[in-house]
Amino acid sequence: MSSIHFLLVDDEEVLIKTIAERLRLKGFIVDCALSGNEALNQLGKRDTIDIVVLDIQMPDLDGMSILEILKARHPLVEVSAGSGVLDRNPHF
């Protein structure tokens with residue numbers, strides 16, 4: 001049985017290293033990219049990535065641009081996208 005292969009994409013290195021370590025302890029294969037361009041390069045070189053966990057707010061390419069390119073080139077890859085920015089609304 002093959003393991004699920006993750007690609008974690010976030011410009012916060014400490015965060016993705018921590019998440020990667022925990023996923024690897026559970027037996028998953030994990031690669032990390034610190035930028036949108038790096039993520040697209042890794043996806044272009046590997047056909048084994050099953051799931052991309054994507055930060056929406058990054059300095060080089062924003063997550064929505066990456067998502068659009070990713071789904072056009074790799075339609076079968078599952079994507080989970082989010083942002084670490086908290087809503088500053090005082091009512092929440």
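Each residue takes its place number in the sequence, starting with 1.
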| task | Determine which pairs satisfy ring pair (Phe, Tyr, Trp, His ring centres under 6.0 Å) with at least one residue from residues 22-52, sequence neighbours left out, and list them in order. | result | Phe6-Phe28

| message | Is there a path of hydrophobic side-chain contacts, each under 4.5 Å between heavy atoms, that joins Val30 and Leu15? | response | yes

| Pairs satisfying ring pair (Phe, Tyr, Trp, His ring centres under 6.0 Å), at least one member in residues 51-78, at least two apart | none

| message | Once side-chain contact (heavy atoms from CB on, under 4.5 Å) is applied, do any residues pair with Glu78, and if so which ones, sequence neighbours excluded? | response | Ile51

| request: Check the hydrophobic clustering (I, L, V, M, F, W, Y; side-chain heavy atoms under 4.5 Å; chains of links allowed) and say if Leu34 and Ile19 are grouped together. | output: yes

| What residue pairs, at least two apart or across chains, pass salt bridge (Lys or Arg N to Asp or Glu O under 4.0 Å) with a residue in residues 65-77? | none

| request: Find the distance between CG (Leu23) and CD1 (Ile4) and round it off to the nearest 0.5 Å. | output: 10.0 Å

| remark: Residue set satisfying side-chain contact (heavy atoms from CB on, under 4.5 Å) with Asp60, at least two apart, ordered chain then number -> Ser35, Asn37, Met58

| said: Show me the pairs that pass ring pair (Phe, Tyr, Trp, His ring centres under 6.0 Å) and involve residues 30-57, at least two apart or across chains. | reply: none

| message | Rounded to the nearest 0.5 Å, what separates atom CZ in Arg24 from atom CD in Glu21? | response | 8.5 Å

| query | Are any non-hydrogen side-chain atoms of Val52 and Ser80 less than 4.5 angstrom apart? | reply | no

| field | For Ala39, all residues meeting side-chain contact (heavy atoms from CB on, under 4.5 Å), sequence neighbours excluded | value | Leu7, Val9, Ala33

| request: Return the set of residues passing side-chain contact (heavy atoms from CB on, under 4.5 Å) with His5 (not counting sequence neighbours), or none when no residue passes. | output: Ile29, Asp31, Arg46, Thr48, Ile49, Asp50

| message | If I take atom CG from residue Asp10 and atom CD from residue Gln57, how far apart are they, to the nearest 0.5 angstrom? | response | 10.5 Å

| field | Minimum heavy-atom distance between Ile66 and Leu61, given as atom pair plus value | value | CD1-O, 3.6 Å

| said: For residues Leu43 and Leu54: do they belong to one hydrophobic cluster (side chain heavy atoms under 4.5 Å, members Ile, Leu, Val, Met, Phe, Trp, Tyr)? | reply: yes

| Atom CD of Glu38 and atom SG of Cys32: how far apart are they, to the nearest 0.5 Å? | 8.5 Å

| field | Results of salt bridge (charged side-chain N to carboxylate O under 4.0 Å, His left out) for Glu13 - residues two or more places apart only | value | Lys17

| Can you name the nearest heavy-atom pair linking Gly27 to Ser3, along with the distance? | O-OG, 2.5 Å

